[in-house]
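One structure is given below, encoded as structure tokens.
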Amino acid sequence: MRHSKIEDYIRKSVSEKGFFHFTLVDPEKADASLSNAVKEMDQAGTDGFLVGGSTGFYPPEVERVVSSIKEVSSKPVVLFPGGVFGVARNADAILFLSLLNSLSTYFLIGAQAQAAGLIRRIGLEAIPVGYIVFGKSSMVSVMGMTQEIEPANYKAATAYALAASFMGMHAIYLEGGSGVPAPIPPSTISRVRSALPHDVLLIVGGGIRKGEDAKAAVYSGADVVVTGTVVEEQGAASLKEIVEGCKEGAKLKAARNDEAS
Ligand code: 1GP
């Protein structure tokens with residue numbers, strides 16, 4: 001697998017400390033308090049920022065949010081686009097997502113074809129990610145016209161994830177949907193993880209609000225944990241608990257792996 005700078009940076013963090021934590025910033029919800037919130041999130045120990053969402057913004061706003069983050073944090077800022085409108089020049093990389101369980105070819109490959117030339121022209125690092133969206137009521141599942149996969153349906157999730165890894169995706173993103181009441185069950189995460197080749201990164205997000213949720217996700221095999229809503233609901237300081245949970249999950253996972261070997 002050929003990686004580039006930001007992907008290598010994420011992989012290094014995963015191999016050194018057992019996880020990478022991204023904070024999601026939705027440009028639609030970002031306001032004047034963003035700088036202070038980013039400083040707090042940075043101090044709370046998040047490893048990087050994802051910028052994006054499913055609706056409601058245009059590229060200059062994305063660029064403005066990326067700039068505001070970069071003014072106060074030196075951590076990577078990666079785009080998480082809901083469509084071609086999510087591309088911006090000043091980010092460090094973009095999650096180049098294909099929504100694997102979309103019923104629309106637009107979200108599988110259409111938007112990607114529209115954006116590819118632009119991404120090459122502006123020199124943005126594209127990280128190829130197979131995106132699997134669970135449930136049917138989150139904004140992303142509605143906007144992305146997904147075929148519903150129940151969060152407990154590890155068989156369907158594994159089939160998509162494995163297929164995407166055979167197609168060369170560097171990462172699989174298990175998405176519960178931003179703001180959903182409960183995160184993806186640990187049993188689904190661990191089944192998908194155990195089916196995937198070791199070098200495919202597993203990203204997990206959606207509905208993670210407590211340290212215990214983050215701990216369970218990492219222990220079950222998530223390499224990268226994404227949270228967004230928890231900060232909107234409980235403030236930036238809540239991230240400390242999430243990051244601590246990731247650390248505990250990584251410690252337990254390492255101990256389990258040592259025992260097994
Ligand atoms: C959404 O997975 C992310 O794409 C984050 O979800 O907002 O529920 O943390 P939350």
Side-chain angles (χ1 to χ4, degrees), residues 10 19-30 34 37-38 41 44-57 62 65 69 77-83 85-86 91 94-102 107 127 129-144 146 149 151 157 161 171-186 188-189 192 201-218 220-243 245-246 249:
I10 295 168
F19 72 95
F20 188 95
H21 177 267
F22 265 125
T23 299
L24 174 64
V25 179
D26 187 340
E28 196 181 11
K29 297 173 189 157
L34 181 65
V38 168
M41 295 188 272
T46 194
D47 297 305
F49 297 89
L50 285 184
V51 177
S54 305
T55 54
F57 50 81
V62 185
V65 167
I69 297 172
V77 183
V78 176
L79 300 171
F80 179 50
F85 54 83
I94 182 167
L95 297 187
F96 200 70
L97 306 163
S98 175
L99 207 179
L100 303 175
N101 59 313
S102 178
F107 293 102
I127 303 173
V129 179
Y131 193 40
I132 302 171
V133 174
F134 293 83
K136 62 175 178 185
S137 53
S138 68
M139 206 57 179
V140 62
S141 68
V142 175
M143 289 296 137
T146 57
I149 301 175
I172 302 297
Y173 191 143
L174 302 181
E175 171 69 89
S178 187
V180 294
I184 294 166
T188 298
I189 300 171
V192 173
L201 288 172
L202 189 58
I203 308 172
V204 176
I208 296 173
R209 288 182 178 79
K210 295 184 299 214
E212 284 298 316
D213 301 334
K215 178 177 161 185
V218 172
S220 313
D223 299 305
V224 179
V225 169
V226 183
T227 60
T229 302
V230 68
V231 167
E232 290 158 24
E233 288 177 353
Q234 300 171 34
S238 62
L239 275 191
K240 271 199 188 128
E241 190 194 318
I242 300 283
V243 173
C246 290

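Just follow the structure's listing: the first ligand is 1, and inside any ligand the first atom is 1. Worth knowing before you read on, the calculation uses all heavy atoms, side chains too, and leaves out hydrogens, waters and symmetry mates. Positions are given from 1 along the sequence.
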Distance from [atom] to nearest protein heavy atom, with residue and atom:
| atom | value |
| --- | --- |
| atom 9 (O) of ligand 1 | Gly228 N, 2.8 Å |
| atom 10 (P) of ligand 1 | Thr229 OG1, 3.5 Å |
| atom 5 (C) of ligand 1 | Gly206 N, 3.8 Å |

*Under a heavy-atom criterion of less than 4.0 Å, does Val230 contact ligand 1?*
no
*Less than 6.0 Å separating the ring centroids of Phe22 and Tyr173?*
no
Heavy-atom side-chain proximity of [X] to [Y] below 4.5 angstrom:
| X | Y | result |
| --- | --- | --- |
| Asp47 | Phe19 | yes |
| Phe80 | Leu97 | yes |
| Phe134 | Ile132 | yes |
| Val140 | Ser178 | no |

Within the 4.0 Å heavy-atom shell around [X], which atoms of ligand 1 are there?
| X | result |
| --- | --- |
| Gly179 | 7 (O), 8 (O), 10 (P) |
| Thr227 | 9 (O) |
| Glu175 | 1 (C), 2 (O), 3 (C), 4 (O) |
| Phe80 | 4 (O) |
| Gly205 | 2 (O) |
| Gly207 | 8 (O), 10 (P) |

*At a non-hydrogen distance cut-off of under 4.0 Å, which region of Tyr173 contacts ligand 1 (side chain, backbone, both, or neither)?*
side chain
*asked:* Heavy-atom distances under 4.0 Å decide this one: backbone, side chain, both or neither, for Leu24 against ligand 1?
replied: side chain
*Kindly write out the residues that satisfy salt bridge (charged side-chain N to carboxylate O under 4.0 Å, His left out) with Asp213, not counting sequence neighbours, or none if the list is empty.*
none
*asked:* So, using salt bridge (charged side-chain N to carboxylate O under 4.0 Å, His left out) as the criterion, who are the partners of Glu241 when residues are at least two apart?
replied: none
*Nearest 0.5 Å, what's the CG-OG1 distance between Leu239 and Thr23?*
4.5 Å
